[in-house]
Amino acid sequence: MEKNLAKTYDPKSFEDRIYKQWEESGMFAPDMDPDKKPFTIVMPPPNITGQLHMGHAMDASLQDVLIRFKRMQGYSTLWLPGTDHASIATEVKVVEKIKKEEGKTKEELGREEFLKRAWAWKNEYGNRITTQQRKMGTSCDWSRERFTMDEGCNEAVKEHFLRLYNKGLIYKGSRLINWCPVCGSALSDIEVEHEDKQGKYWYFRYPGADGSEGITVATSRPETMFADVAIAVNPEDERYKDLVGKMVLLPIFNREIPVIADPYPDPEKGTGAVKITPTCDPNDFEVGQRHNLPMIECMDEKARMLPICGKYAGMDRYECRKAWVEDLDKAGYLVKTEDLIIPTGECYRCHSAVEPRISEQWFVKMKPLAEPAIEAVRKGETQFVPERFDKIYYHWMEDIKDWCISRQLWWGHRIPAYYCDDCGEMVVAKEMPEVCPKCGGKHFHQDEDVLDTWFSSALWPFSTLGWPKETEDLKKFYPTSVLVTGYDIIFFWVARMIFCGIEDMGKAPFAHVLIHGLVRDAQGRKMSKSLGNGIDPLEVIDQYGADALRFMLLSGIAPGSDIRYQTEKIEAARNFANKLWNASRFVIMNLQDEDGNFKPMADAKTAVLKPEDKWLRASIDAAVAEITDNMEKFEFALAAAKIYDLIWGSYCDWYIELAKPRLGGADEEDKLTVRYMLVTALLDLLKLLHPYMPFITEEIYSYLPKAEDAPQFLMTQSWPVPENNDYSGDVKLLEASMAVIRAIRNIRAEAEAAPSKKLHAYIIAEGADAALAKAGAPYIKALGGIEELFVRADRSVLPEDAKSAAVPGMEIYVPMDELVDYAKEKEKLTKEGAKLEAEIARAKNKLSNQGFVSKAPANVIEAERTKLAEYEDLLAKNRKMLEAVLAKLA
RNA sequence: GGUCCAUUAGCUCAGCUGGGAGAGCGUCUGGGUGACAACCAGAAGGUCACAAGUUCAAGUCUUGUAUGGGCCACCA
C-alpha cells in the first residue's frame, strides 16, 4: 500500500471501499453498554418504489451528521433504517407491470395472485433505495432494518387497531368521503390537494312546481344536479321568503324538490340560492342532515353517471356535464354563465378531480387522540426545530377531522375485521375467529379493504423497536431523540406518530423534530418529474463524491428553509475536500522519510511549543467549543462554516505556511514539535469534519501515524474537547504579526512587486508594541517576503521612497526600488484618514452619550474605549505619514 | 379568507439570545512560491425592501406598507 495519499483527490477511489469496511466492522450498531446514554433516530422509511432523490440525500445528510456527532460524543447511538410499503404508489406500479407483462388487470388476476406479484416486486426492487442510501455514507444499523409490512410491523398494526377499536376510537361508518375515481379508493382529507382553477358557473332556473317562475341557482358542477334534493336559501333573504316551503322542479326531469331555509347560503354569493346535493358536497351533506333530506347518488366509483340520470347514465362525469348543459340550454333553463376561479380538490397521487362520495369506510376518531398530542408539544415534551413549525402543527391538530383509514386497495395491511357469512356479524380481531359470537356460524370473510399507508408508518418509532413486545431495544431506545424530516410531511407523518406514540407508549415518540426544507433547482423551482429538472444525487456523487454533496447540503442553509442546488456550491464543497486532501498529503509527506517510514516526533509531554503552536491550539480549542455548541443546537450550517474556516484559513493558510520554514530549518529538536503539532491538529480537524465528510476524513485518518491501541476507524474516535490553556499572549502576538503581514502584502500588491522579490521593511513602534514587532519578526519575514526587518522607535531612520501602512501600535514602511507614486500614496492616506475620522467620531459620540455609559454593560463600554484608542493611534500615524508624503510632493 | 416565511454585495445565501455588516461564486490586480491552478496573495463592491416605534444602541425586537413565496380553508 502507498504510504501517502494519492496525488489527486478522487472520492470514487475510496468511498465505496470505506463504506464496506465500516459496514463489515459492525460499528453502525449501537454500543449496548448500559452506562452509555442512548441517542436514537428512526429513519423516515423511503417508499420501496422510490429512487434516491435530493430530498432523501438531505434527510440522510442531516441524520448522519447528527448520529456520527453523537456517536463520537460517546452516546449509544441507534439509527434505525427501513422502508415503507407505500400502498397506493406500489400498487400502481405493480398494476402497470402486470398489465404490460401479462396483459391483465388486477381484478382478472385476483387478490391472491396480485399480492404474489406485489411481493415479488418488493423483493426485486425494494432494496434498490437502501443500496443507494449507502452511497451517501449513512451510518445506520442495517442489522435492524425494518419494513412496514414485515411480521413485526404487521403485529404492531393489528395490536394498535384493536386497541383503538376497543376504546371506541376506530369506527366504521357511512360518511361523505373524498373519493378518487381514478385510483378507485377513498382518500383522507390531507390526501386531497386544493387548488384554485379557472372554471365556470352556470346559472339555471328551477321552475316552480305550481308553474311559477321558480328560482335560479348557480353551480360549478351541473352534472350533480341529478342528485339534488332541495334548494336552500338564507332565512334572512327577503327575496326568497315567499318561496320557502314551496316545491320547485329539477329541470327537464321535473322531479319535485323543496325550497328550504338554512343559514348556510350566503345572500351575497351567486343568486343567494344554493342547490343541495348531500352526496356530492360536504356542506350540502350537513344541510341534508339538518333537514332530514334524502340522499341520492348520481355517480359510480369510476365517476360514471348512474341510471337515475336517465339518458346520461353511463357517461363520464365531464361528458355528461357537456351534454346536460347543452340540453338545459336548448330547453331554456340556462340563464347565464360566468367565468370564475373555483377551488378544486385533486388526488395527491394522480391529480384527478376528487369526488365527494357517500361510502362506508373506517375512521379514527381524532379529537381524543389530538388533545394529548397537542399538549405534548405545548409542554415541550416534543420540540419542533425551528420552533415556528409547531404553529403549523397546532393549527392542523386543533381543527382536525376524523381520519379515514380504509383504502379500496390490495397492497397494504388488510383491515382486521371479519364478517360472519351467516349473520353478517362483525368481529374485530387479530386472526379470523372460529365461531360467530352471535349466531355460532363458522364461516367468515375478512374486510376487503387495506389501511392507509400512514397508519403503519405512524407506529414506526416503536413498531421498529419491537412493540408490542417489551424488547430490550424498546426499553433502551424509546422515546427516540430526534426525528429528521421535510416540512411537507408534518401532517401525514409527524403528527400521526406523535398521537400514536402517546396512545400506545404513553410518551411522545421523540424529543426533537428537526424540520428541513426542500432542495430546489438552480432557478428555485421544485424538482419534479414533469419538469424534468431533478438532479440525481447518485450522479452528483459519481462526479463530486458523497462528501461534497453532504457538505453542500449542510452548508449555507437556514434551518427549515429551502435550498437551491447549484453547481457552484457543489464545486465549492469539492474544492474544500480537495484542499484538505492536499494539506493532509503535505503533512504526511513531512512526517515520513524517503522510505515512507514515520520519523520521530514529540508527544504531549516533550513538545516545546512555540507561539504559533499555541496560537493554533487556542484557535482549534475556541472553534471546538463553538462548533460543539452549534451542533448541539442543530445549527449545522454555522458549524460547517467554522470548520471550513478553521481548516482552510487557520490551518492551511497560516499554520502550514508558518511550519514550512521550521520543517526545512536546522533545528532538529523543533522539527519534532512541528510534526507533533501538524498531526495532532490535523486529527482534531478530521474529527470535527468527520460528521460532515465521513469518507475523506476516514481515508486520511488511515494514513496517519497511530498508537498501537488507537481505534481502527476515525468514526469511533471521541469528539475533541477543548484544552484549558491560557495562550492569550501568543494569540495576541500571532494576530499582530498577521496584521503586519497582511499590510505588507497589501503594499506589495499595490506596488505590483513580484511576491518572489525580497524586500526590506521598517516598523516604527515603541514599548510593548515594539516588543511585539520584534517577537513577530520571524513570522513577518517568512510570510511577508521580508529579508530584513528593522524595528525602531525613531522615524528619522526611515529611508527615502518607502510605501507605508499602519496597524494599531505600528507604522510599517517598505522601501521600493522604483519611485513611489506619492500622489497615489496621498490619495490612499487621505481616504484612510477620512474613514478613521468617521469611526472616531462615531465612537466618541457613543462614549459621550450618558445613556450608553450608564446603561451599557461594562465590557461593551470597555471595548468601545479600546477601539477609540486604537483608531486615534491609527489616525495619528496616518497624519504623520501623510505629512511625510506631502513633504515629498512639495 | 386565515396563517407562516422571505426581502442583506453583481449572483446564491449565512448572520444564534440587539453591542462596529460576512461567506462562496463572479469581477479586477499580481503570481509555478516547498500540499494544492479544484491553488496562492491582494483589491473593489452593501442607506441590510420601505416607514414609524421601543432602546443608550436595531440587519436583529414591535407595528404597518410593498413585493415574492409557502401552508391551511366546506363556500354555490
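Here is the naming used below: chain letters follow the sequence lines, and residue numbers restart at 1 for every chain.
Mapping A/R745 and A/K633 onto RNA chain B by nearest heavy atom places A/K633 at the nucleotide closer to the 5' end. Each of A/Y487 and A/A273 was matched to the nucleotide of RNA chain B holding its nearest heavy atom; the match closer to the 5' end belongs to A/Y487.
In RNA chain B, runs of at least 3 consecutive Watson-Crick or G-U pairs, each pair with both distances below 3.5 Å, span B:1-7 with B:66-72, B:10-13 with B:22-25, B:27-31 with B:39-43, B:49-53 with B:61-65.
Here A/F226 pairs with A/F253, A/Y312, A/W324 under the ring-ring contact (aromatic ring centres under 6.0 Å, His included) rule; sequence neighbours left out.
A/D390 has its CG atom 12 Å from the P atom of B/C4, to the nearest Å. The interatomic distance linking A/E864 (CD) with B/A57 (C1') rounds to 10 Å, in whole Å. Rounding to whole angstrom units, CG of residue A/L580 and P of B/C39 are separated by 13 Å. Between A/Q850 atom CD and B/A57 atom P there is a gap of 13 Å when expressed in whole angstrom units. Here the C1' atom of nucleotide B/G42 and the NZ atom of A/K803 are 13 Å apart, to the nearest Å. Between the CH2 atom of A/W654 and the C1' atom of B/C40 there is a distance of 12 Å, given to the nearest Å. Residue A/R742 contributes atom CZ, which lies 7 Å from atom P of B/G42 at whole-angstrom precision. A/W396 places its CH2 atom 12 Å from the C1' atom of B/C72, with the value rounded to the nearest Å.
By the 4.5 Å heavy-atom criterion applied to side chains, A/L874 and A/P808 are counted as neighbours. Contact annotation: the side chain of A/Y348 never approaches that of A/V354 to less than 4.5 Å [non-hydrogen atoms, C-beta and beyond]. Looking at heavy atoms from C-beta onward, A/Y651 lies in side-chain contact with A/I656 at the 4.5 angstrom threshold.
The environment of NZ in A/K824 is sparse: at most 12 heavy-atom neighbours from other residues, nucleotides or ligands sit within 6.0 Å. Counting heavy atoms of neighbouring residues, nucleotides and ligands inside a 6.0 Å radius, atom NZ of A/K526 does not exceed 12 of them.
Contact check, A/R748 against B/G42: no side-chain N or O comes under 4.0 Å of OP1 or OP2.
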Per-nucleotide protein contact string for nucleotides 22-38 of chain B (B base, S sugar-phosphate only, - none; heavy atom under 4.0 Å): --SS---S----SBB-B
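Side chain of A/N582 to backbone of A/N578: a donor-acceptor contact under 3.5 angstrom is found. Within the 3.5 Å criterion, the main-chain N or O of A/G784 finds a donor-acceptor partner in the side chain of A/R748. A donor-acceptor contact shorter than 3.5 Å links the side chain of A/D284 to the backbone of A/T277.
If you take atom P in B/G24 and the same atom in B/A41, they sit 11 Å apart, rounded to whole Å. Comparing B/U8 with B/C50, their C1' atoms sit 14 Å apart, to the nearest whole Å. Nucleotides B/A21 and B/U60, compared at atom C1', are 12 Å apart to the nearest Å. Rounded to a whole angstrom, the distance from the C1' atom of B/G26 to that of B/U67 is 26 Å. Using atom P as the reference point in both B/G22 and B/U47, the two lie 15 Å apart (nearest Å). Taking the C1' atoms as reference points, B/U7 lies 11 Å from B/G59, given to the whole Å. Here the separation of B/C25 from B/G64, taken at their P atoms, is 41 Å to the nearest Å. Nucleotides B/U33 and B/A6 are separated by 49 Å at their P atoms, to the nearest Å.
No contact: A/F576 has no heavy atom under 4.0 Å from any strand. Nucleic acid contact for A/Q566: sugar-phosphate only, since backbone atoms but no base atoms lie under 4.0 Å from a heavy atom of the residue. No engagement by A/V217 is indicated, since no non-hydrogen atom pair under 4.0 Å with the nucleic acid exists. Contact annotation for A/N746: backbone-only contact, meaning every heavy-atom pair under 4.0 Å involves sugar-phosphate atoms and none involves a base. Here A/Y203 lies out of heavy-atom contact (under 4.0 Å) with every strand.
Note that A/K844 lies outside the cation-pi zone of A/Y871, set by a 6.0 Å cut-off to the ring centre and a 45° limit from the axis.
Side-chain atoms of A/E635 lie closest to B/C16 of the nucleotides B/C16, B/A14, B/C5.
When only modelled atom types and interatomic distance are considered, A/Y544 and A/N575 share no side-chain donor-acceptor pair under 3.5 Å.
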